[in-house]
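Letters go in sequence order (proteins before strands), and every chain restarts at 1. These values consider heavy atoms only, across backbone and side chains, with no hydrogens, waters or symmetry-generated copies.
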2 protein chains.
Amino acid sequence: MIHQPPVHFLGKTLTGQPVQKQVRKLKDLDNIFLDQAAFSAADMNRVVYEVFSYLPVDEGTEGGLFFGMTHLYPGTVGQEFYMTKGHFHTIENRAEYYWCVEGEGMLLMMDKHRNTWAEQMQPGSLHYIDGYTAHRVANTGGGILSFGACWPSDAGHDYATIVKNGFSRRLLSVEGKPALV
Amino acid sequence: MIHQPPVHFLGKTLTGQPVQKQVRKLKDLDNIFLDQAAFSAADMNRVVYEVFSYLPVDEGTEGGLFFGMTHLYPGTVGQEFYMTKGHFHTIENRAEYYWCVEGEGMLLMMDKHRNTWAEQMQPGSLHYIDGYTAHRVANTGGGILSFGACWPSDAGHDYATIVKNGFSRRLLSVEGKPALV
């Protein structure tokens, strides 16, 4: 009648039997980075990020919520910081929260008119990603960037639009500093 | 083009200009506790809990999400631990996450058939509250119980059903220990 919860979210860890782990390597990020020569020269098995997810209901369930923790490694491809694939939601009006628990980075957002802007991520920053807004995270620091996420279980992921058209701006390392160009 | 996020969520604090604070005193919790004599004898201006909320879209917006942090003070009314009002969601299938960041408590949940159960809350515990499930938190420890929350902006709060019918079980302090009776 009194249960222990199945999942724990403590600091930057999300643990428990129902938590699933997904690994994204450079080879999973084809057509994402600007510098294709630098990309081709890199080790395709290099891990760029890991996502731990708690999905207590089926994907597509209306009204449900998912919870995740992402660890994005530091690094660059050419001048561009390691970053997540980026996506719109399939049900376009679905929002999402990201909150940074460790590291330094930038949340890139792009609306349906291809206006792109960014929010700085540092420990404690909480980011509301409105519906109809593509989102991607870049690690601009020297260590791991870890951030939590909560999103509707029926949101879905539209990665294809970003792979095809990208964001309208890129976050590059210019004279050692992140610049949205 | 590069912005600071408007809200910070660090440890047990949720801060920033858009964050709203709501205070619930004993006088706001009429018809919640079992022991009405003990309730009537108590100081009605005693603060039972405070909720800090980040509501970036209008209440009722489909697809949006809200984010909150609740601080529930320790105390009892008769044998019953201080607790939140408890509610179903108005759109019944809407889920919610709670996660404990400080203190000790119990999350009481009740389905539409009035089956009631509880999950133990301690720092790091993450709780998925499924749709169609009333939820209430009781502080069973000696200090403040603080927990985060994320829920859909169109969920709404049905407090009236709980004020009228209560949960089918109560969490009482029996020989110094919490018991669901």
When you group the ILVMFWY residues by side-chain heavy-atom contacts below 4.5 Å and let the links chain together, are B:Leu107 and B:Ile32 in the same group?
yes

Interface moiety of A:Leu14 toward chain B, non-hydrogen atoms closer than 4.5 Å
side chain

A:Phe52 reachable from A:Leu55 in the ILVMFWY side-chain graph, under 4.5 Å edges:
yes

Any side-chain heavy-atom pair from A:Phe9 and B:Tyr97 closer than 4.5 angstrom?
no

Answer with yes or no whether the hydrophobic clustering places B:Val48 together with B:Tyr98; edges join I, L, V, M, F, W, Y residues whose side-chain heavy atoms lie under 4.5 Å apart.
yes

Just checking B:Arg114: does its CZ atom have more than 12 heavy atoms from other residues, nucleotides or ligands closer to it than 6.0 angstrom?
yes

Who among A:Leu10, A:Asn93, A:Ile2, A:Leu65 has the most heavy-atom pairs with chain B under 4.5 Å?
A:Leu65

Determine which residues belonging to residues 115-133 of chain A lie within contact range of chain B, meaning some heavy atom pair is under 4.5 Å apart, and list them by number or answer 'none'.
A:Thr116, A:Trp117, A:Ala118, A:Glu119, A:Gln120, A:Gln122, A:Pro123, A:Gly124, A:Ser125, A:Leu126, A:His127, A:Tyr128, A:Asp130

With the 4.5 Å side-chain cut-off for hydrophobic clustering, are A:Val51 and A:Phe66 part of the same group?
no

What option among B:Pro56, B:Pro178, B:Cys150 has the most heavy-atom pairs under 4.5 Å with chain A?
B:Pro56

Could you tell me how the ring of B:Trp99 sits relative to the ring of A:Trp99: parallel (under 30°), tilted (30 to 60°) or perpendicular (over 60°)?
parallel

So if you build clusters from Ile, Leu, Val, Met, Phe, Trp, Tyr with side-chain heavy-atom gaps below 4.5 Å, do B:Phe167 and A:Met1 land together?
yes

Please list, in residue-number order, every residue in residues 151-159 of chain B that has a heavy atom less than 4.5 Å from any heavy atom of chain A; write 'none' if there are none.
B:Trp151, B:Pro152

Answer key: most heavy-atom pairs under 4.5 Å with chain A among B:Ala95, B:Pro6, B:Pro5 is B:Pro5

Identify which part of A:Val101 has an atom lying under 4.5 Å from any heavy atom of chain B, answering side chain, backbone, both or neither.
neither

